[in-house]
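Just below is one structure, and these are the notes that go with it.
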Amino acid sequence: MDFSFLKDYSPYFINGTISTIVIAILTVFLGVIIGTILALMKISNKRIAKAIASAYIEFIRGTPLLVQISIIYYSISFPKFTILDIEMNRFIPGVIAMAINSGAYVAEIIRAGIQAVDKGQMEAARSIGFNSIQAMRYIILPQAIRNILPALGNEFVVVIKESSVLSVIGIVELMRSADIVKAAIYKPFAPLIVVAVIYFILTFTLTRVLGFAERRMRTSD
């Protein structure tokens, strides 16, 4: 297989890789914010909040990411402008859609992490004068983070791979970069092989880093 096209088209793959990493970081960051709010709503004693959080999570997890991206993209209209050659009128709706989707999964991760903390911790915090918000902030969440981090890292890996769906709305991430190169050189397979290798390097490296961090956390226990 001929990969000589890399000499002329490698900038497309480099820019696509950078775009994919930026999308994944923003998605997980916003997803954690959305997921934390949803998780706290779901474990609260207020029925309406719990019902809203449950409905959101079930709906988002029960519909394809591609459909969600299309709905957000055609529902939210941004003026056309670019930052670092990235079309933000496509980029912003794409990241919002990915964050909305990721938030539903992160919510379940955070909920499970919080509920894994011994119930006695909350009772102990309340007994020394903390209200429920203070107890959650200063006692429960710090302990839950240790349970949450490994699963959150796996969500990061998933987001990197799922970001390829954003190519359908024209965001130039890795998959879209491969499409551009395919059209330019009239060779479909070689650019896809390059993209597959880049995805593998990203996810394999991240998985190993997460494994190392997890082992360090266990050692420090």
Side-chain angles (χ1 to χ4, degrees), residues 20-65 67-69 72 95-163 165 202-221:
T20 296
I21 293 172
V22 171
I23 289 169
I25 291 173
L26 290 175
T27 296
V28 172
F29 176 74
L30 296 174
V32 167
I33 294 174
I34 296 171
T36 302
I37 295 170
L38 290 171
L40 294 176
M41 289 171 66
K42 193 166 183 181
I43 63 176
S44 73
N45 295 323
K46 297 179 180 177
R47 290 184 179 181
I48 295 177
K50 187 179 292 187
I52 292 172
S54 297
Y56 178 101
I57 293 169
E58 293 300 327
F59 180 78
I60 294 297
R61 296 178 66 176
T63 53
L65 175 59
V67 175
Q68 295 163 18
I69 290 172
I72 297 297
V95 170
I96 291 174
M98 291 286 294
I100 288 173
N101 180 275
S102 180
Y105 291 91
V106 172
E108 290 294 271
I109 292 171
I110 294 175
R111 180 193 58 76
I114 291 173
Q115 292 182 333
V117 177
D118 193 308
K119 291 182 179 178
Q121 296 291 316
M122 174 62 82
E123 295 170 0
R126 297 300 299 272
S127 68
I128 60 175
F130 285 3
N131 59 36
S132 58
I133 296 176
Q134 290 173 325
M136 183 62 69
R137 179 179 176 183
Y138 296 112
I139 305 297
I140 304 301
L141 281 179
Q143 297 182 67
I145 287 174
R146 181 164 298 204
N147 303 325
I148 291 167
L149 282 180
L152 203 58
N154 290 331
E155 174 66 12
F156 194 23
V157 172
V158 171
V159 167
I160 287 176
K161 292 185 288 186
E162 288 188 339
S163 65
V165 182
L202 289 176
T203 57
F204 182 81
T205 304
L206 184 57
T207 302
R208 288 294 175 273
V209 170
L210 291 170
F212 175 76
E214 194 173 347
R215 286 193 296 274
R216 289 293 300 269
M217 289 172 64
R218 287 177 182 171
T219 305
S220 64
D221 285 342

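Side chains included, hydrogens not; waters and symmetry mates left out as well; all remaining heavy atoms used. Being a predicted model, the structure only gives us computed values, none of them experimental.
Contact of the M98 side chain with the L30 side chain is not registered, since no non-hydrogen atoms from C-beta on lie closer than 4.5 Å. Using a 4.5 Å cut-off on side-chain heavy atoms (C-beta onward), K42 and E108 make contact. Under the 4.5 Å side-chain criterion, counting only non-hydrogen atoms from C-beta, F156 is in contact with I25.
Here the OG1-CZ distance, from T36 to R111, works out to 13.5 Å after rounding to the nearest 0.5 Å. Summarising the geometry, atom CD belonging to Q115 is positioned 11.5 Å from atom CD1 belonging to I140; distances are rounded to the nearest 0.5 Å. Atoms CD1 and CG, on I114 and L40 in that order, are 5.0 Å from each other to the nearest 0.5 Å. Note that CG of L152 is 12.0 Å distant from CG of N147, once rounded to the nearest 0.5 Å. The CG atom of L210 sits 6.5 Å away from the CG atom of N154 when rounded to the nearest 0.5 Å. A distance of 12.5 Å separates CD in E162 from CD1 in I23, rounded to the nearest 0.5 Å.
The one candidate from L26, V28, V106 that meets the side-chain contact (heavy atoms from CB on, under 4.5 Å) condition with V159 is V28.
Nearest approach of G113 to A144, heavy atoms of both residues: O-CB, 3.6 Å. I57 and A104 get closest at one heavy-atom pair: CG2-O, 3.9 Å. Between L65 and A97, the closest heavy-atom pair is CD1-O, 4.4 Å.
I34 meets the side-chain contact (heavy atoms from CB on, under 4.5 Å) test with L38, Y56, A99; sequence neighbours excluded.
Atom CG of N45 has 12 or fewer heavy atoms from other residues, nucleotides or ligands within 6.0 Å.
Counting only distance, with no hydrogens or angles, the side chain of S163 and the backbone of I160 share a donor-acceptor pair below 3.5 Å. A donor-acceptor distance shorter than 3.5 angstrom exists from the side chain of Q143 to the backbone of I139, with no hydrogens or angles considered. Under the 3.5 Å distance criterion, the side-chain polar atoms of Q68 are matched with a main-chain donor or acceptor of I60.
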